[in-house]
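Here the structure is laid out as structure tokens; the discussion comes afterwards.
Below, each value reflects all heavy atoms present in this structure, side chains not excepted, and no hydrogens, waters or symmetry copies. A, B, ... follow the sequence lines: proteins, then strands. Residue 1 opens every chain. Because the structure is a prediction, the values reported are computed rather than measured.
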There are 2 protein chains.
Amino acid sequence: MSNSQVSKDPVREEILSKAAELLGRFGFKKTTMEDIARAIGKSKSALYYYYKTKEEIFEAVVAVDMDENRRLTEEMMATVETAPEKFRLMFTTVFGNIREKIDKFSVFRADVMENPALMENIGKERDSYMETLLHDLILYGIKRGEIRAMSDEEISVWTKVTNMTMRAIGQRLFLEDNFAYVEKHLDFLAGTFLNGIMKK
Amino acid sequence: MSNSQVSKDPVREEILSKAAELLGRFGFKKTTMEDIARAIGKSKSALYYYYKTKEEIFEAVVAVDMDENRRLTEEMMATVETAPEKFRLMFTTVFGNIREKIDKFSVFRADVMENPALMENIGKERDSYMETLLHDLILYGIKRGEIRAMSDEEISVWTKVTNMTMRAIGQRLFLEDNFAYVEKHLDFLAGTFLNGIMKK
DNA sequence: TTTTTGACCATTTGAGTAAAATAGTCGAGA
DNA sequence: TCTCGACTATTTTACTCAAATGGTCAAAAA
């Protein structure tokens with residue numbers, strides 16, 4: 001689910017690979033379709049055979065990164081058994097990934113600032129994925145008797161707010177450097193978040 | 001503490017009152033110092049006798065509103081005894097206030113978008129106030145034996161993240177209307193946040 | 001002393017213009 | 001199925017000029 005269908009098409013892969021390089025270097029605005037086309041030795045029009053718009057290429061590039069993060073996160077979560085442990089690992093892994101991606105995506109800051117719509121689709125996609133992950137995790141924990149029973153609506157709200165909080169923390173990690181000390185306490189935070197819904 | 005010293009100066013009060021009206025109607029950018037000055041029957045230069053910059057006037061106007069919110073919040077918190085009850089009331093009261101202020105401040109959205117620095121001072125002020133409030137509340141709860149003992153650093157992190165989360169929720173309430181249902185569950189949320197640090 | 005003012009300055013903003021760049025389309029053809 | 005060059009419609013850029021605006025200051029008024 002939600003993989004960025006790069007697979008099995010060498011041209012698409014080449015486009016995405018070069019696009020990632022150029023976008024990463026010059027940002028969205030300063031990278032033209034011409035640039036990308038030239039870089040793979042094709043004409044601009046050819047790109048439009050594979051991708052409908054420039055935004056679509058951008059989103060595909062980011063999706064590759066997101067898939068990588070997801071793989072990593074789920075891989076980590078699979079190494080432990082209980083819901084609390086999984087939650088803690090998810091919490092810390094997600095932020096670990098963010099730290100790595102800060103440099104890579106700092107070029108887009110200006111682009112996103114003046115065109116918030118750029119990240120809208122990606123953001124929604126990410127939200128829905130994270131919420132699903134959290135949702136499933138809670139159900140899993142309830143089934144195992146580690147998390148207290150909650151109504152569907154409560155689960156949904158907790159899920160949304162927890163995701164929101166993680167995003168807020170992520171943004172801080174992204175923007176402010178003095179928030180490094182939050183990083184040291186991710187485990188403590190995951191704990192308090194989880195305690196709130198643990199079985200007594 | 002942190003009152004906006006409007007008191008005892010009728011001219012400053014008049015400036016702020018008219019400025020609030022104009023700023024609320026036209027926003028920051030479209031309200032000129034001339035406009036404000038004319039509205040109170042003085043020359044533009046006179047404003048600079050009372051306030052150093054246009055931003056200072058803006059901040060003072062917002063500060064009046066913040067003071068009102070603070071008074072209300074602390075008033076509500078004073079009506080109950082225990083730390084958990086105080087926290088719940090703080091949580092719900094703060095968001096109740098936000099709901100009311102949405103219309104009032106929607107004019108500034110464009111201004112803040114293209115000039116984030118406008119809200120920087122105000123935001124920092126607000127953060128530090130909220131964090132102090134939360135900090136004191138935790139100490140109070142620990143003293144009463146309702147909240148489990150925590151290190152200073154843990155308290156500080158919990159405080160920052162809780163404030164961050166409240167701000168994130170507030171922003172959602174501000175921007176998105178479909179988040180109305182979060183409002184219905186504020187009490188549940190306050191509960192889960194608090195459970196995380198309650199004494200077992 | 002405290003408050004207010006108009007003249008003044010330095011910068012920013014707004015409207016307008018023309019040329020260049022760019023995203024996206026299309027029919028022809030490999 | 002895939003690629004291309006020519007083409008179009010729209011944006012962007014660089015530029016100019018006049019008006020507007022935030023802020024200063026010395027002098028006057030209260």
Side-chain angles (χ1 to χ4, degrees), chain A residues 5-20 22-23 25-62 107-108 110-121, chain B residues 5-20 22-23 25-62 107-108 110-121:
Chain A
Q5 69 208 65
V6 192
S7 48
K8 294 295 179 202
D9 191 332
V11 183
R12 289 176 88 99
E13 273 184 31
E14 204 185 356
I15 292 175
L16 249 43
S17 159
K18 275 291 174 201
L22 292 175
L23 288 171
R25 188 122 65 105
F26 303 113
F28 181 80
K29 202 176 170 186
K30 299 220 167 202
T31 302
T32 71
M33 294 297 266
E34 270 284 333
D35 293 338
I36 301 173
R38 289 274 171 84
I40 60 172
K42 288 193 193 298
S43 102
K44 186 183 58 163
S45 310
L47 294 185
Y48 285 95
Y49 180 76
Y50 298 95
Y51 294 97
K52 269 208 261 298
T53 64
K54 192 182 176 186
E55 280 80 10
E56 201 172 296
I57 294 183
F58 174 76
E59 285 170 14
V61 165
V62 177
V107 203
F108 298 125
D111 291 318
V112 174
M113 285 278 275
E114 71 179 44
N115 182 14
L118 242 195
M119 287 294 284
E120 210 177 271
N121 290 335
Chain B
Q5 71 206 65
V6 192
S7 48
K8 293 296 176 202
D9 191 333
V11 182
R12 289 175 89 100
E13 274 184 31
E14 204 185 355
I15 292 175
L16 249 45
S17 159
K18 274 292 174 199
L22 292 175
L23 288 171
R25 188 121 65 108
F26 303 112
F28 181 79
K29 201 175 168 187
K30 299 222 167 201
T31 303
T32 70
M33 294 297 267
E34 271 284 331
D35 292 338
I36 301 174
R38 289 274 170 85
I40 59 170
K42 288 192 194 299
S43 104
K44 185 184 59 164
S45 311
L47 294 185
Y48 287 94
Y49 180 75
Y50 298 96
Y51 294 96
K52 270 208 260 297
T53 65
K54 193 182 175 185
E55 280 79 10
E56 202 173 295
I57 293 183
F58 175 76
E59 286 170 13
V61 165
V62 178
V107 202
F108 299 125
D111 291 318
V112 174
M113 284 278 274
E114 71 179 43
N115 181 15
L118 241 195
M119 288 294 286
E120 210 176 270
N121 290 334

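A heavy-atom distance below 4.5 Å is found between the side chains of A/M33 and A/I57.
In this structure, A/L47 places its CG atom 15 Å from C1' of D/dG5, rounding to the nearest Å. Between the NZ atom of B/K29 and the P atom of D/dT21 there is a distance of 11 Å, given to the nearest Å.
Judged as a side chain to side chain donor-acceptor pair (under 3.5 Å), and not counting sequence neighbours, the contacts of A/D35 are A/T32. In this view, B/S45 and B/S43 satisfy the side-chain contact (heavy atoms from CB on, under 4.5 Å) rule, not counting sequence neighbours. Considering only residues two or more places apart in sequence or on other chains, B/K29 meets the side chain to side chain donor-acceptor pair (under 3.5 Å) condition with B/E114. B/K44 pairs by the salt bridge (Lys or Arg N to Asp or Glu O under 4.0 Å) definition with nothing, not counting sequence neighbours. B/E34 meets the salt bridge (Lys or Arg N to Asp or Glu O under 4.0 Å) test with B/R38; sequence neighbours excluded. Residues that satisfy the side-chain contact (heavy atoms from CB on, under 4.5 Å) test with A/Y50, not counting sequence neighbours, are A/D9, A/V11, A/R12, A/I15. In this view, A/A20 and A/V61 satisfy the side-chain contact (heavy atoms from CB on, under 4.5 Å) rule, not counting sequence neighbours. By the side-chain contact (heavy atoms from CB on, under 4.5 Å) test, A/F58 pairs with A/L23, A/F28, A/V62, A/F108, A/L118, A/M119, A/I122, sequence neighbours left out.
Considering only side-chain N and O atoms, A/Y50 lies under 4.0 angstrom from the phosphate OP1 or OP2 of D/dT3. Between B/Y48 and D/dG23, a side-chain N or O to OP1/OP2 separation shorter than 4.0 Å is present.
For the contact set between residues 34-45 of chain B and DNA chain C, defined by any heavy atom under 4.0 Å, the members are B/K42, B/S43, B/S45.
Side chain of A/T31 to backbone of A/G27: a donor-acceptor contact under 3.5 angstrom is found.
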Short N/O separations, protein against nucleotides 27-30 of chain D, under 3.5 angstrom:
none

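Note that CG of A/L22 and OG of A/S17 are 9.5 Å apart. Values are rounded to the nearest 0.5 Å.
The shortest heavy-atom contact between A/A60 and A/L16 is CB-CD1, 3.8 Å. Across all non-hydrogen atoms, the minimal contact from B/R25 to B/V107 is O-CG1, 3.9 Å.
A 4.0 Å heavy-atom criterion places the boundary nucleotides of DNA chain C facing chain A at C/dT22 to C/dC26, written 5' to 3'.
Fit an axis to the five pairs at each end of the helix from C/dT1-D/dA30 to C/dA30-D/dT1 and the two axes sit 50° apart, to the nearest 10 degrees.
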